[in-house]
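Each remark here refers to the structure printed beneath this line.
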Protein chains: 2
Amino acid sequence: MKSSATAQEVARLAQVSQSAVSRTFTPGASVSEETRAKVMAAAAQLGYRPNAMARSLITRQSRIVALVMSYLENQFYPLVIQTLSQKLQKQGYHVLMFISDLDEADEVMAEILQYQVDGIVLASTMLSPSLASSCAASGVPIVQFNRVADTSATARYGTNAVTSDNRRGGAMVAELLLARGFERIAFIAGLERSSTSVERERGFNEALAEAGHKVYRRAVGDYSFEGAQAATRALFAAEGLPPDALFVANDHMAIAAMDVLRNELALRVPEDVSVVGFDDVPQAAWGAYQLTTVVQSVEKMVAATVELLHGQMRGDAPPRHVVVPCELVLRRSVRPPANASGAASD
Amino acid sequence: MKSSATAQEVARLAQVSQSAVSRTFTPGASVSEETRAKVMAAAAQLGYRPNAMARSLITRQSRIVALVMSYLENQFYPLVIQTLSQKLQKQGYHVLMFISDLDEADEVMAEILQYQVDGIVLASTMLSPSLASSCAASGVPIVQFNRVADTSATARYGTNAVTSDNRRGGAMVAELLLARGFERIAFIAGLERSSTSVERERGFNEALAEAGHKVYRRAVGDYSFEGAQAATRALFAAEGLPPDALFVANDHMAIAAMDVLRNELALRVPEDVSVVGFDDVPQAAWGAYQLTTVVQSVEKMVAATVELLHGQMRGDAPPRHVVVPCELVLRRSVRPPANASGAASD
DNA sequence: TTGAAAGCGATACCAC
DNA sequence: GTGGTATCGCTTTCAA
């Protein structure tokens, strides 16, 4: 048996019309209990399942959402896949994965459109103008996840976005480090052109400035493990006193940084240098490092994404940029206040 | 513009038949340069892309492969997604993701089959007999990745599998630990019913026995982070001398174990206890721990999977169980030989 | 409630 | 090489 049974065959076996079969499998259609029973019996016997391709050809709904990502090394993204996929599955949608380097985005876009997807989620990838316009042209709703293209383009093409409050998150880090009395605070940026890195740095710098401080040293890690390792080496190889605190634009890079600090430079964290990250990676990632980080909730972000997508797919709801608040979670990679070493208060 | 252009419209604009349009977009069809040019121009103008749904309806090929996974916490699996997705994309296939808890496997299966996928990759999930039979019935080739159901079922339904040489890998660990002179070697198992854990343990025990040794203590971690933490606590809380070496059935759990050793029990790795894992997780995961591990190459395993799938989809090639060799990679989580502490030789 | 018939958008087989 | 036509499996009017 190569192909599974068709509605035609089920109809024949059940002694009803093909339409009846169709109705039986269409929620909320009018079928008598009797016919339905006959159809279900026949269907079960033949192992019949409606052909989603044929169905979507006519309903113009594939119930497929495309998820585009550029790389999964960063532990944050697997979590996104899992959460998004599960939430969508509950609503009867499915995720078609596209791994794409940034330069082949247009090619990928063409493939996506062929599958008549109902929506697109763009994660860890910037929406190029050409991509945005081909989306707009095809009328497929698209949500940018975690990163946004420059707002001008977003506004122009009416695209949606879900990000966390990166700017505020960056500020929270600055406030923490200043309150703990650090004096030589360094920063490792991600991809210079990504909105996440830019916003986090902006908030960070603003808060430092407000307190009359400024960043001590700065390097770029391009959101890669290797890049962050190199950036860390550079920050600590420069002449003058080494940094006493380090804000890294995401957890993935923060882990790389701590790896270098501990295993190459023989520095202790947090005794010699404190480290703060950003994102939300599972404990398996930050475990050994007990990384203090600004957590952006995958759960909330994905929920917002699904909701946005839904609204767009129904046709109501205008495009929006949803900003999810984030939260600072203290762990042992930041040195506690000097006057409170040990006991908490009292 | 809601829906994109159809071949019909392109044909009209290009002043050719719809067939000509179809041929233009069918690699290796016979179209004159002239027609092709006319069609391409019209297509470009209308933003035409063939509708994959309609196409697959008639070609009976969706060029979609379903990937079923149960959880992505284990860093090994994101790598699998990425590699598999990229390799398949290169061949014109795409990955439809299904996250499934083991108990809802049948439900998921039904959904998968609706999409007329060309193949199924089952990772981190066991193939239940019912699942296997519904696959066999539908004639969709299926490859079990990394785990296998009991071989009897595999043979019966003629399913494919790709695993690494877990048994030999387990033996390699035993040989290493014995050669280094450890005496109280403990083991943390994964899911007791999974072939990976069973085979790794079997090889491990066999090699120990061959040298006249046996495992000192044993606990079960169920392949979860929390389970492995608890298992580690149990192993070291038992009365008597604590283990001096620990073989953990996968890296994900090994990281959890080392987390407990270091952060809860204040033990040093490898000075107080050596640890060995299994799998192939990225450096971001093992970095701080410098975990010694048996590496099963994702690259090779995925390559084998794609090849298997291909053979099955073409119809030639019999079902096979491909066993990929694995390799022991030494890092600092295992104490070096006592007589060679420091310099390597000389 | 039911069945017959008209497509959805593309491919494949056919004569020309 | 090209254009007509049947067909893929299903949903959806529309009469009955």
Side-chain angles (χ1 to χ4, degrees), chain A residues 1-40 42-43 46-64 92 111 113-118 138, chain B residues 1-40 42-43 46-64 92 113-118 138-139:
Chain A
M1 275 298 117
K2 187 56 191 281
S3 63
S4 52
T6 74
Q8 194 67 255
E9 302 174 299
V10 175
R12 196 154 26 226
L13 180 61
Q15 313 249 45
V16 296
S17 74
Q18 194 216 50
S19 318
V21 178
S22 174
R23 288 197 197 94
T24 305
F25 285 90
T26 304
S30 79
V31 208
S32 71
E33 264 318 313
E34 198 191 330
T35 347
R36 152 171 258 107
K38 282 199 287 187
V39 170
M40 290 307 271
L46 297 177
Y48 170 77
R49 283 271 133 200
N51 182 326
M53 300 290 169
R55 168 180 289 173
S56 64
L57 188 57
I58 190 155
T59 59
R60 315 181 138 284
Q61 280 210 61
S62 59
R63 303 205 74 85
I64 289 179
E111 294 176 37
L113 259 20
Q114 289 198 21
Y115 282 101
Q116 315 295 116
V117 298
D118 292 347
S138 66
Chain B
M1 276 295 118
K2 187 56 189 284
S3 63
S4 51
T6 74
Q8 195 67 254
E9 302 174 297
V10 174
R12 197 155 23 229
L13 179 59
Q15 312 250 45
V16 296
S17 75
Q18 198 212 48
S19 317
V21 178
S22 175
R23 286 195 200 97
T24 305
F25 284 90
T26 305
S30 80
V31 208
S32 72
E33 265 318 313
E34 200 190 329
T35 343
R36 154 169 258 109
K38 281 198 288 188
V39 171
M40 290 307 273
L46 297 176
Y48 169 77
R49 283 272 131 200
N51 182 327
M53 301 289 169
R55 167 182 289 172
S56 64
L57 188 57
I58 189 152
T59 58
R60 317 185 133 283
Q61 280 209 62
S62 59
R63 304 205 75 85
I64 290 181
L113 258 19
Q114 289 199 17
Y115 282 101
Q116 314 296 113
V117 297
D118 291 348
S138 66

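Computed from a prediction, not measured in an experiment: that's the story for all the values here. Atoms considered below: every heavy atom in the structure, side chains included; atoms not considered: hydrogens, waters and symmetry mates. Note on naming: letters A, B, ... go to the chains in the order of the sequence lines (proteins, then strands), and numbering restarts at 1 for each one.
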(Q) Less than 4.0 angstrom between a side-chain N/O of B:Ser22 and OP1 or OP2 of C:dT11, yes or no? (A) yes

Q: Pick base, sugar-phosphate or nothing for A:Arg36, based on heavy-atom distances below 4.0 Å to the nucleic acid.
A: nothing

Q. Below 4.5 Å, heavy atoms only, C-beta onward: do B:Met53 and A:Ser56 meet side chain to side chain?
A. yes

Q.
Side chain of A:Ser19 only, heavy atoms from C-beta on: which candidate in C:dA4, C:dA12, C:dG9 is closest?
A. C:dA4

Q) For B:Tyr48 and C:dA10, is the shortest distance between a side-chain N/O and OP1 or OP2 below 4.0 Å? A) yes

Q) Would you say a side-chain N or O of A:Ser17 is under 4.0 Å from OP1 or OP2 of C:dG3? A) yes

Q. Once you round it to whole Å, what is the distance between C1' of C:dG3 and CZ of A:Arg12?
A. 15 Å

Q.
Output the rounded distance in Å from CD (A:Gln18) to P (D:dT12).
A. 13 Å

Q. Nearest of D:dG9, D:dT2, C:dT11 to any side-chain atom of B:Ser32?
A. D:dT2

Q) Any sub-3.5 Å donor-acceptor pair from B:Thr26's side-chain atoms to B:Ala29's backbone N or O? A) no

(Q) Please confirm whether the shortest side-chain N or O distance from B:Ser56 to OP1 or OP2 of D:dC8 is below 4.0 Å. (A) no

(Q) Please tell me if A:Ser30 has a side-chain N or O lying less than 4.0 Å from either OP1 or OP2 of C:dT1. (A) yes

Q: Could you tell me which non-hydrogen atom of B:Ala7 sits nearest to which non-hydrogen atom of B:Gln18, and how far apart they are?
A: CB-CG, 3.9 Å

Q: Determine the contact category for A:Val31: base if any of its heavy atoms lies under 4.0 Å from a base atom, sugar-phosphate if only primed atoms, P, OP1 or OP2 are that close, otherwise nothing.
A: sugar-phosphate

